[in-house]
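Working notes, beginning with the structure itself.
Just the heavy atoms: all of them, side chains too, but no hydrogens, waters or symmetry mates, feed the values below.
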There are 2 protein chains.
Amino acid sequence: MGLTKTEIFTAEQNRLAQLLKAMAHPARIAILQQIISANACICGDLVEELGLAQATISQHLKELKNAGIIQGTIEGVTVCYCINPVTWKLLEHQLGAFFGSYKASPDCC
Amino acid sequence: MGLTKTEIFTAEQNRLAQLLKAMAHPARIAILQQIISANACICGDLVEELGLAQATISQHLKELKNAGIIQGTIEGVTVCYCINPVTWKLLEHQLGAFFGSYKASPDCC
DNA sequence: TAATTGTATCGCAATATTACGATGTATAAA
DNA sequence: TTTATACATCGTAATATTGCGATACAATTA
């Protein structure tokens, strides 16, 4: 049916999956890297940096914004995007806890 | 066209996106949590633990295996799944570096 | 050998994603 | 007020994902 059964899972599982999904695209990873490396916020330079159409970039930015990973503020004609520090740290800690919860045991397959 | 332009991006960006995508589903997060918390490897108990059909679970396991996040070994009738320690640590470090590369600056939007 | 058990795969329907041209919108400059 | 610039949104085609019933397969057990 192509519809994820969200009601089966916990809110945390769904939220984590949502955040990971928002990042799970090479273009969106590239966008995040650009935003981070530009220190200050980047605007529509992304269209030139990456080789994608303006409509496509705008769509990817929207998804990152919807997930709460980035935030955008209008600055005259341009829009300034930057990392949402709250979500970023939350996700960082959640992933850290998740990955840290695994301890390799030698008696495994 | 519904086809990701992988050739535009670096191998690292594509690989990271692939790994994140494999994890970006609540069922697959739940499966990983189960595998981790069961310490030793879990088998088809997953079908009972989660409320999904056997075919669906098998498909999710296949995706995690294809991405290299888990590995499965046949043990008689059952199949034993566990975390692939190499990929796990690699992803852990890569994500750590990625999230750590962001330093919040106050002069931002 | 036949039946049972645990998984994998096939095939399908419903839905979601990706990419982009075309077009809309809002601000700034002429 | 017209024009230009920077984005956002719409609509659409191609493709991918999700979930599951049905079925195949492989290894034990009777």
Should the pair A:Tyr102 and B:Trp88 be assigned to parallel (<30°), tilted (30 to 60°) or perpendicular (>60°) ring geometry?
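Taking B:Trp88 first and then A:Tyr102, their aromatic rings stand perpendicular (interplane angle over 60°).
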
Output the single nucleotide from C:dA19, D:dG19, D:dA8 whose closest atom is nearest the side chain of A:Val79.
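That would be D:dA8.
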
Can you figure out which of C:dT7, D:dA8, C:dC20 approaches the side chain of A:Ser58 most closely?
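The listed nucleotide nearest to A:Ser58's side chain is D:dA8.
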
Which sits closer to the 5' end of DNA chain D, A:Val47 or B:Thr56, going by the nucleotide each is nearest to?
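It is A:Val47 whose nearest nucleotide is closer to the 5' end.
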
What is the separation between atom [atom1] on [X] and atom [atom2] on [N], rounded to the nearest whole Å?
X: A:Leu61; N: D:dA8; atom1: CG; atom2: P; result: 7 Å
X: B:His25; N: D:dT18; atom1: NE2; atom2: P; result: 5 Å
X: A:Ile42; N: D:dC7; atom1: CD1; atom2: P; result: 11 Å
X: A:Gln59; N: D:dG11; atom1: CD; atom2: P; result: 14 Å
X: B:Asn66; N: C:dA8; atom1: CG; atom2: P; result: 12 Å

Got A:Ile70 and A:Thr87 here, is their nearest side-chain heavy-atom distance under 4.5 Å?
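Answer no - side chains too far apart.
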
With sugar-phosphate meaning primed atoms plus P, OP1 and OP2, does A:Leu52 contact a base, only sugar-phosphate, or nothing at under 4.0 Å between heavy atoms?
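If one applies the 4.0 Å heavy-atom cut-off, A:Leu52 turns out to touch the sugar-phosphate alone, with no base involved.
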
Just call it for A:Thr78: base, sugar-phosphate, or nothing, with non-hydrogen atoms closer than 4.0 Å on any strand.
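Answer is sugar-phosphate: A:Thr78 comes under 4.0 Å of backbone atoms only.
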
Any donor-acceptor pair under 3.5 Å from A:Arg28 side chain to A:Ala22 backbone
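Yes; judged by distance alone, with no hydrogens or angles, the pair exists.
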
Atom pair CG (A:Leu64) and CD1 (A:Ile83), whose distance is rounded to the nearest 0.5 Å
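Separation between the atoms: 8.0 Å.
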
For the atom pair CD (A:Gln33) and CD (B:Gln13), what is the distance rounded to the nearest 0.5 Å?
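It comes to 4.5 Å.
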
Each nucleotide N or O in nucleotides 21-30 of chain D that has a protein N or O under 3.5 Å away: list the pair and distance.
none

Where is the tightest heavy-atom contact between B:Gln34 and B:Leu46, given as atom of each residue plus distance?
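That closest heavy-atom pairing would be CB-CD2, 3.6 Å.
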
